[in-house]
Amino acid sequence: MKGLEAFRVAFDALRGNRLRSLLTMLGIIIGIAAVIVVVSIGAGAREQIESQVEGLGSNLVLVVPGQLDTANPGQGAAAASPMQLSDAAVLGAVVGDDGAVTARVSSAAQVRAGSREGYVTVQGSDQNLPYVFTRPVDQGEFFTQGDVETRQRVAVLGSATSANLFAGADPVGRQITLAGTRFRVVGVLAEQGESFGVSQDNEVHIPITTAQRLFGIDRVDAFAVKAPSAADVPALSRGLRQALREEYPDQEFSAVTQTQILGVIGDILGLLTAVLAAIAGISLLVGGVGVSNIMLVSVRERTKEIGLRKALGARQRDVLTQFLVEAVLLTSVGGVIGIVVGVGGSLLVNSLSPLPAKVEWWSPVVAFVVSAAVGIFFGVFPARRAGRLDPVVALRTD
Amino acid sequence: MTAADTEGSTGTTGGPGRGPAIEAVDVTRSYDLGGTVVDALQGVSFVVAEGEYAAIVGPSGSGKSTLMHLLGCLDRPSSGVLRVGGRDVLELDDAELADLRNREIGFVFQSFQLLPRSTALDNVGLPLLYRGTRRSERRELAEASLRAVGLGHRLTHRPNQMSGGEQQRVAIARALVGSPRILLADEPTGNLDTRNGAEVMRILEELNAEQGVAVVLVTHDDEVAGRARRQVRVRDGLVERDTALEPPGTPRVTATARHAAAEQGA
């Protein structure tokens, strides 16, 4: 029996039992669709984060205290920072441009303007932040070096905070109260967008000197350094670490680059996606067991047909092929429907929910191959049983 | 033997000097039913010549079903020699046996055994599917075969759209489509009324006479068996009587013969 004939015979058999074929396929459809949706959401999330981190500039180096192992995030937690504001000059000397270094302390606090209030991230930063992080100012101006040196109580708002506190009105020149201290708003930063439905613009920037006094600290959490180009990043990272180690001989420092951050996020997301896809894959496995089960029932039901075919000259191999092709047809048609449902579902998730989803071109291909393989794997056992039936016994069955 | 040899021997169908269609020498078949060995056949010998018309008669439990399975190459003997179409069945593996069935034997069953969802054409073409015949050629041969049994107007009908007699004729067309040397009919009239049964018997006789295919009829019905030129009577796993081994003129013990005798006596 030739391949095409086997497909025709199998197709006829499946069509003869439409409802059962459809229900059997359902297991495969759900499994394949679930895997595709999960993989798409994982890919979409990865892409979104990559574009956000890349938006910061691929030649950004973050200098933090402690030994940060990017291969094992969570280990080597940040040590108490020994870094001082004066270190900015040291780092500036390494990169050859004082303007390419910006210091940062971060905290969170209650903010109030008139009767409106909210909870925001407070960033103590300096005049170099808009250049280093590529954050354009939308309204007003960023605070100046003079403001930093004289500890002015001035604030630059994130776009979300501005909208929250002033509801569209121009906030420049207005007053806000941050942790009980009054600040004058001098500018608003351009919108940065949201990640996973969470706004990145709910923040207030104040001069780092003011922030240190406000929070009663004298450390700097981190320095961000902008390298002249991406090619300079590795050498610059070493130089920055070296310079700080000379300042603080018994301390360790880490220079974290965008690519490292990307790598860590990518690894975490990849792991998460793999775990979820594996869970979805279990439903595919269950679907495969269903196919096996139905094929066994089918072999038993069609014992007489098998006996007849053998009497008319079908070899063991012919009968085996017939039932195997039937199982593979069942799962691969189910697979194709699952692909359509999965791709459609991913597009729906992308447009109707805050979750990003991006269908990877290879996921339908892999899904199809896997569903066909499931058919072969779970079809072999029933098909072998059919092929080995004794025609005498099979013909006698009523 | 290879497939090419089989091809060659099929090509000389009907030529003189060929061996018998079926040759059984002291064939036995026993089954092991959970410890108890049942001897269904205890040494059966007979020969069916090319183009012969023979009936195997016997009551149920006589071993005639076992014998039919052996003759149809659906099973192998426990001992003895069984040659079907010149090939020793015990020397063939499963695939070769399937091939032998496909080329040399046409089956007609009591319960027709048609595929319910397939048309008459597809049912008849089934043996050719396993011979690797192309679809278009299969259809042609199947159509010719259906016309030969007078069903040219039922080509695309399904079994449930046909009468029992028509279904059995489809089965005969299927048995013949591959031009086998032997036609094995197992109680072919068992599920039919008298008129359809007679029609089926007439077709079998016609095929035997015109196409020279050897017909082996397996039945418990003396009247049906009586229409064959030769009867092989089986009882308790042995050949009780074979009319071919008796001198001509010996009266046949059949229902028709008894009828005739009774009428003459009256």
Side-chain angles (χ1 to χ4, degrees), chain A residues 1-22 297-326 329-330 383-398, chain B residues 3 6 29 31 40 65-76 92-119 122-135 138 158 171 174-178 180 184 186:
Chain A
M1 196 159 57
K2 301 288 191 303
L4 191 66
E5 297 286 0
F7 270 98
R8 214 186 320 248
V9 171
F11 185 74
D12 283 344
L14 293 180
R15 209 177 40 179
N17 227 325
R18 266 171 241 240
L19 184 62
R20 180 198 285 182
S21 303
L22 200 74
V297 172
S298 180
V299 168
R300 170 162 290 192
E301 266 183 3
R302 285 149 68 190
T303 303
K304 258 173 91 170
E305 176 194 326
I306 295 164
L308 172 71
R309 287 178 185 273
K310 284 198 150 185
L312 299 183
R315 286 158 297 179
Q316 186 166 326
R317 207 184 57 194
D318 293 320
V319 175
L320 186 139
T321 306
Q322 180 190 335
F323 279 85
L324 197 56
V325 166
E326 228 170 87
L329 203 62
L330 206 56
R384 281 170 78 104
R385 183 174 272 201
R388 284 182 183 157
L389 273 180
D390 181 350
V392 172
V393 177
L395 277 171
R396 208 184 287 141
T397 310
D398 276 311
Chain B
T6 325
R29 179 72 172 98
Y31 299 97
S65 290
T66 304
L67 185 57
M68 198 219 51
H69 291 144
L70 289 176
L71 299 184
C73 300
L74 295 168
D75 197 7
R76 290 190 185 84
L92 304 178
D93 65 23
D94 282 350
E96 288 168 322
L97 211 56
D99 194 57
L100 186 65
R101 283 198 291 275
N102 184 267
R103 289 178 190 280
E104 303 286 4
I105 296 158
F107 285 98
V108 178
F109 302 96
Q110 176 174 0
S111 50
F112 321 141
Q113 302 279 20
L114 301 175
L115 297 182
R117 279 192 289 270
S118 299
T119 62
D122 285 344
N123 265 300
V124 172
L126 204 54
L128 300 176
L129 178 69
Y130 296 112
R131 202 180 284 192
T133 310
R134 285 206 340 272
R135 192 173 155 83
R138 255 180 11 233
R158 287 167 212 281
R174 179 181 64 194
L176 286 173
V177 74
L184 259 184
D186 181 18

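Convention: sequence-line order gives letters A, B, ...; per-chain numbering from 1.
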A:Arg309 and A:Asp318: CA distance, side-chain angles, deciding distance, salt bridge (charged side-chain N to carboxylate O under 4.0 Å, His left out) verdict: CA-CA 9 Å; A:Arg309 287 178 185 273; A:Asp318 293 320; over 6 Å; no
Chain B contact via A:Arg15 - which portion, at a heavy-atom distance below 4.5 Å: neither
Tell me if a side-chain donor or acceptor on B:Arg131 pairs with a main-chain N or O of B:Gly178 at a distance below 3.5 Å. yes
Can you tell which of B:Leu115, B:Leu114, B:Asp75, B:Ile105 has the highest number of heavy-atom pairs within less than 4.5 Å of chain A? B:Leu115
Counting only heavy atoms closer than 4.5 Å, note whether B:Arg135 contacts chain A via side chain, backbone, both or neither. both
Using every non-hydrogen atom in the two residues, find where B:Arg101 and A:Ala311 come nearest and quote the distance to one decimal. CD-O, 3.5 Å
Option in A:Lys310, A:Glu305, A:Gln316 with maximal non-hydrogen atom pairs under 4.5 Å from chain B: A:Lys310
Lys/Arg-Asp/Glu bridge criterion (N-O < 4.0 Å) met for B:Arg76, B:Asp94: yes
